[in-house]
**Student:** 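Please find one structure pasted underneath; my questions will follow.
Source: prediction; values computed, not measured. A, B, ... follow the sequence lines: proteins, then strands. Residue 1 opens every chain.
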Number of protein chains: 2
Amino acid sequence: MHNLIVGYGSAVTDDLVLRRQVCFALYAASRALTDVYRPILDEFGLTYPQYLVLLVLWERPDDAPTVSELGAELRLDSGTLSPLLKRLEGAGLVVRRRSARDERRVEVGLTERGRALRQRVDEIPLQIARATGLGIAELVALRDTLTRVTDTIHRQKEQ
Amino acid sequence: MHNLIVGYGSAVTDDLVLRRQVCFALYAASRALTDVYRPILDEFGLTYPQYLVLLVLWERPDDAPTVSELGAELRLDSGTLSPLLKRLEGAGLVVRRRSARDERRVEVGLTERGRALRQRVDEIPLQIARATGLGIAELVALRDTLTRVTDTIHRQKEQ
DNA sequence: CACAATTAAGTTGTGCACAACTTATCTGGC
DNA sequence: GCCAGATAAGTTGTGCACAACTTAATTGTG
């Protein structure tokens with residue numbers, strides 16, 4: 001099961017070629033898309049991970065999930081989220097408060113400013129989709145394949 | 001051309017849902033795959049970006065590309081590569097030398113140790129491919145779609 | 001030849017990611 | 001009710017990424 005990617009030449013030689021590797025394609029595409037987001041999100045003073053946190057909060061605006069719950073959605077730990085949330089709080093977009101019933105938990109809620117920002121980012125998904133050059137069907141297929149890969153890896157990790 | 005991803009509900013509501021976004025799927029898959037690489041590359045004392053640099057050097061072991069040429073392959077700038085290469089040099093895997101004919105350039109070559117390491121990483125592409133749970137045809141299709149997206153974005157950026 | 005503009009690499013500062021650790025709180029078994 | 005183990009968030013340290021900048025060398029044009 002060598003020579004994974006293309007079936008000629010020596011296995012060793014071929015599989016280690018950069019342009020043949022799915023992982024490099026994934027890594028490069030992820031960074032390229034973040035490059036598309038950057039100037040757009042700059043207008044709102046946001047980074048891409050900060051925008052992702054807001055996406056989660058906008059989905060359930062009355063929920064105020066904990067740091068762990070945010071982390072479960074985004075697959076990020078407190079080492080990443082704690083300072084990020086501190087910056088979002090500094091920008092006046094979210095508030096953090098200790099849970100009353102469990103003092104270990106910190107609940108993250110939207111401020112009015114954070115809630116209002118949602119209305120201003122409507123056009124972003126469209127802009128991003130256009131930048132990929134893919135059609136809707138291709139985007140959906142790509143998303144589903146990637147989600148399947150991610151889920152497969154995470155399932156393996158849990159066992 | 002709203003409601004990109006699925007054709008029901010309000011455009012605003014749907015397109016901003018995390019799980020519907022291709023970009024999040026890409027970001028999550030990229031990090032998940034890096035998680036698969038990490039314990040494997042740890043054995044060799046490498047990070048994933050360091051491994052990518054070695055892939056480029058292994059492709060043309062007598063070439064000693066410059067920092068810029070490496071950067072063009074990997075789409076990384078000197079701000080990322082300079083400290084990374086310093087670490088690879090510290091690990092005894094590469095050497096950096098000023099070009100004789102153009103003192104601005106720094107050429108990056110493999111040491112014997114760096115060259116030898118190639119023989120020990122043969123199995124990595126196979127291990128990674130297995131972890132994705134995808135078949136060869138799917139991997140190739142995924143790689144090509146992602147490469148197309150990346151190229152589209154970079155082409156737009158240049159104009 | 002002079003020198004302004006360009007190019008190459010490196011540096012500095014910010015913000016992720018993530019491992020390893022700390023601190024504070026909670027829970028279950030006795 | 002006590003306390004060992006678990007859990008939640010935060011902190012520290014390392015290594016990318018990338019913007020903005022610096023320094024040094026080269027190139028093109030007059």
Side-chain angles (χ1 to χ4, degrees), chain A residues 23-24 27-39 41-42 45-54 64-72 74-91 94 96-108 154 157, chain B residues 23-24 27-39 41-42 45-54 64-72 74-91 94 96-108 154 157:
Chain A
C23 302
F24 176 71
Y27 164 80
S30 181
R31 284 192 301 127
L33 263 184
T34 304
D35 281 351
V36 179
Y37 271 107
R38 192 168 298 107
L41 291 176
D42 257 359
L46 294 174
T47 65
Y48 182 62
Q50 289 167 11
Y51 171 71
L52 291 179
V53 166
L54 290 178
T66 65
V67 174
S68 296
E69 285 162 356
L70 279 173
L74 301 172
R75 299 224 165 245
L76 293 170
D77 66 7
S78 67
T80 300
L81 286 175
S82 286
L84 186 157
L85 291 170
K86 205 176 287 184
R87 285 186 282 273
L88 278 182
E89 190 169 45
V94 307
R96 294 185 300 162
R97 49 179 179 275
R98 287 277 161 188
S99 160
R101 67 163 57 137
D102 185 343
E103 292 275 343
R104 291 172 305 179
R105 292 164 185 264
V106 167
E107 295 163 347
V108 182
H154 290 318
K157 195 140 289 190
Chain B
C23 302
F24 176 72
Y27 164 81
S30 182
R31 285 192 301 128
L33 263 183
T34 305
D35 281 351
V36 179
Y37 272 106
R38 192 169 297 110
L41 292 176
D42 258 0
L46 294 174
T47 64
Y48 182 63
Q50 288 168 13
Y51 171 72
L52 290 179
V53 167
L54 290 178
T66 64
V67 174
S68 295
E69 284 162 357
L70 280 173
L74 301 171
R75 299 224 165 246
L76 293 170
D77 66 7
S78 68
T80 300
L81 286 174
S82 286
L84 186 157
L85 291 169
K86 205 176 286 185
R87 285 186 283 272
L88 277 182
E89 191 169 45
V94 308
R96 294 184 300 162
R97 48 177 180 277
R98 286 276 161 191
S99 161
R101 69 165 53 139
D102 185 343
E103 293 275 344
R104 291 173 304 179
R105 292 164 184 264
V106 167
E107 295 164 347
V108 182
H154 290 318
K157 195 140 289 192

**Student:** Going by ring pair (Phe, Tyr, Trp, His ring centres under 6.0 Å), name the residues that satisfy it together with A:Y48, two or more places apart in sequence or in a different chain.
**Tutor:** A:Y37, B:Y27
**Student:** Send over the distance from B:L52 CG to D:dC16 C1', rounded to a whole Å.
**Tutor:** 12 Å
**Student:** What is the distance, rounded to the nearest whole Å, between atom OH of A:Y37 and atom P of C:dC16?
**Tutor:** 15 Å
**Student:** Closer to the 5' end of DNA chain D via nearest nucleotide, is it B:R101 or B:Y48?
**Tutor:** B:Y48
**Student:** Nearest-Å distance, CG (A:L41) to P (C:dC16)?
**Tutor:** 11 Å
**Student:** Kindly point out which of D:dT26, C:dT25, D:dA17 is positioned nearest to the side chain of A:E103?
**Tutor:** C:dT25
**Student:** So which pairs with a foot in residues 28-37 of chain A pass salt bridge (Lys or Arg N to Asp or Glu O under 4.0 Å), sequence neighbours left out?
**Tutor:** A:D35-A:R38
**Student:** What do the steps show when you test A:L46 against A:L88 for side chain to side chain contact (heavy atoms under 4.5 Å, CB included), and what is the final call?
**Tutor:** CA-CA 9 Å; A:L46 294 174; A:L88 278 182; 4.0 Å; yes
**Student:** Report yes if at least one side-chain N or O of B:Y27 is closer than 4.0 Å to OP1 or OP2 of C:dA17; otherwise report no.
**Tutor:** yes
**Student:** Please state how far atom CG in A:D77 lies from atom P in C:dT22, giving the value in whole angstrom units.
**Tutor:** 17 Å
**Student:** Return the set of residues passing side-chain contact (heavy atoms from CB on, under 4.5 Å) with A:E69 (not counting sequence neighbours), or none when no residue passes.
**Tutor:** A:P65, A:T66, A:R105
**Student:** Residues two or more places apart in sequence or in another chain: which of them pass side-chain contact (heavy atoms from CB on, under 4.5 Å) with B:R101?
**Tutor:** B:S99
**Student:** Can you check the A:L70 CG to C:dC16 P distance for me, whole Å?
**Tutor:** 14 Å
**Student:** Which residue pairs satisfy the salt bridge (Lys or Arg N to Asp or Glu O under 4.0 Å) criterion with at least one member in residues 74-90 of chain B, sequence neighbours excluded?
**Tutor:** B:E89-B:R96
**Student:** Distance check needed: C:dC16 C1' versus A:L74 CG, whole Å only.
**Tutor:** 13 Å
**Student:** Classify every nucleotide of nucleotides 8-15 of chain C by which part a protein heavy atom approaches to under 4.0 Å, writing B for the base, S for the sugar-phosphate alone and - for neither, in 5'-to-3' order.
**Tutor:** SBBB---S
